[in-house]
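Notes to accompany the following structure.
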Amino acid sequence: MLIASWNVNSIRARMMHAHDFLQAQQPDVLLMQELKTLEFPAMDFKALGYESVAIGQKSYNGVAILSKLPIETVTTKLDGDDEDTHARFIEAILDEPDGKRLRVVCIYLPNGNPIGTEKFIYKLGWMDRLIHQMMRWKDDPIPTIIGGDFNVIPEDIDCDKPANWVRDALFQPEPRERYRAMQTMGWVDAFRALHPEEAGAYTYWDYFRQAFERNRGIRIDHFLLSPALRPRLESCVIDKTPRGQEKPSDHTPILVTLK
DNA sequence: ATGGCTCATCAAATGAGA
């Protein structure tokens, strides 16, 4: 079972890239973030063999789950703040062929820049709400995989040069502590669990300064597995191919294989 | 280099991203 996650930075601008990626990798599931539109092209993905669920928003945010497997139930709200209108969360239960069920959660965690503003406060609050939900999921009989753009650089090894990021919301102690707290609870960072020492493995590169060519990036797109799912973790890789194409998203896909 | 680029909206700048 192959599950991918990709911040496409506008689904309209990246439709061909998404098509090429699905053809090349044939994932069973694809999580997408930053759709940047209210209209999700579900019919186009249906033609490629994928059911889909999405929550969109004009101009900003927007997340979707594509699946070759049947999609059972869907939630589009993260608990804890009824006033939150951002389209950053979608949760689905998928039916695996052997009768098992799998909870798949796609998130676009707030960026939080600049620090010292409401945006940073919102990011921390959003993470606290997610952690609260993760506590409940952890003990649920249905195992859970959370994927998406976390907008957190977990450790120094996850960026080219820590000094460049010390004033950035993605690298602040507060979000990083929260990301560590998730792992302390028993959730597993799929990539780091399988590649504990690997440096220079990034999922995002600036459009500026030939950042991709120089591999000056950050690892901010992650998969977290609930403890029950850990034994099924087979591989986790970052596919840099889409980032190297013409007019790419600034993010590239990350892929997990579950036994 | 507190953005040099790329999106969206909407028809020229501006906000957002990270």
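So you know, we letter chains A, B, ... as the sequences are listed, proteins then strands, and number each from 1.
- The base of B/dA18 lies close enough to the side chain of A/Asn111 for a donor and an acceptor atom to sit less than 3.5 Å apart.
- Taking atom CD1 of residue A/Ile218 and atom C1' of nucleotide B/dG17, one finds them 11 Å apart after rounding to whole Å.
- At a threshold of 4.0 angstrom between heavy atoms, the contacts of A/Asn164 with the nucleic acid are absent.
- Separating the CZ atom of A/Phe150 from the C1' atom of B/dA18 is a distance of 17 Å, rounded to the nearest angstrom.
- With sequence neighbours left out, the ring pair (Phe, Tyr, Trp, His ring centres under 6.0 Å) criterion links A/Tyr179 to A/Phe150, A/His222.
- Across the protein-nucleic acid pair, A/Arg216 atom CZ and B/dG3 atom P stand 19 Å apart, rounded to whole Å.
- At the phosphate of B/dA16, neither OP1 nor OP2 sits under 4.0 Å from any side-chain N or O atom of A/Lys36.
- If you take CG of A/Asn113 and C1' of B/dT2, they are 10 Å apart, rounded to a whole angstrom.
- Relative to the side chain of A/Glu34, the nucleotides B/dA8, B/dA18, B/dT6 differ in distance, and B/dA18 lies closest.
- Atom name P, nucleotides B/dA13 and B/dT2: the rounded distance is 24 Å, in whole Å.
- Note on A/Asp140 versus A/Arg103: salt bridge recorded, some NZ/NE/NH1/NH2 to OD/OE distance being below 4.0 Å.
- Within the nucleic acid shown, A/Asn151 comes within 4.0 Å of sugar-phosphate atoms alone, with no base atom in reach, counting heavy atoms only.
- A ring-centre distance under 6.0 Å is not found for A/Tyr108 and A/His86.
- Between the P atom of B/dA18 and the CD1 atom of A/Ile220 lies a distance of 6 Å, rounded to the nearest Å.
- Taking the C1' atoms as reference points, B/dG3 lies 13 Å from B/dA16, given to the whole Å.
- Separating the P atom of B/dA8 from that of B/dA18 is a span of 14 Å, rounded to the nearest Å.
- Between A/Phe21 and the options A/Thr241, A/Leu255, A/Val8, a side-chain contact (heavy atoms from CB on, under 4.5 Å) holds for only A/Leu255.
- A/Asp160 has its CG atom 15 Å from the P atom of B/dA1, to the nearest Å.
- Of the candidates B/dT9, B/dT6, B/dA18, B/dA18 carries the atom nearest the A/Asn7 side chain, counting heavy atoms from C-beta on.
- Remark: A/Asp158 engages A/Arg192, A/Arg219 in a side chain to side chain donor-acceptor pair (under 3.5 Å) (not counting sequence neighbours).
- Comparing atom distances between the A/Phe208 side chain and each of B/dC7, B/dA18, B/dC5 picks out B/dC5 as nearest.
- Ranked by how close their nearest DNA chain B nucleotide is to the 5' end, A/Ala13 and A/Arg88 are led by A/Ala13.
- Taking 4.0 angstrom as the limit, A/Lys119 places none of its side-chain polar atoms (N or O) nearer than this to OP1 or OP2 of B/dA18.
- Side-chain N/O atoms of A/His251 include none lying less than 4.0 angstrom from OP1 or OP2 on B/dG17.
- The nucleotide whose nearest atom lies closest to any side-chain atom of A/Tyr108 is, among B/dG3, B/dG17, B/dC7, B/dG17.
- Distance, A/Asp206 CG to B/dG4 C1': 10 Å, rounded to whole Å.
- Remark: the separation of the P atoms in B/dA1 and B/dT14 is 26 Å, to the nearest Å.
- Shown here is A/Glu213, whose CD atom has more than 12 heavy atoms of other residues, nucleotides or ligands within 6.0 Å.
- Contact between the side-chain N/O atoms of A/Arg167 and the OP1/OP2 oxygens of B/dA18 is not found at any separation under 4.0 Å.
- Within 4.0 Å of A/Lys123, counting heavy atoms only, lies no atom of the nucleic acid at all.
- The CD atom of A/Gln172 sits 15 Å away from the P atom of B/dA18 (whole-angstrom rounding).
- Side-chain proximity of A/Arg209 to B/dG17, B/dG3, B/dC7: nearest is B/dG3.
- Using a 4.0 Å cut-off, some side-chain N or O of A/Arg12 falls inside it from OP1 or OP2 of B/dT9.
- Residue A/Tyr207 places its side chain closer to B/dT6 than to any other of B/dC7, B/dA18, B/dT6.
- At the heavy-atom level, A/Tyr60 lies under 4.0 Å from the strands shown only through sugar-phosphate atoms.
- Residues A/Leu170 and A/Arg176 share a closest heavy-atom pair of O-CG, 4.4 Å.
- Within the 4.0 angstrom heavy-atom criterion, no nucleotide atom of any strand lies near A/Asp168.
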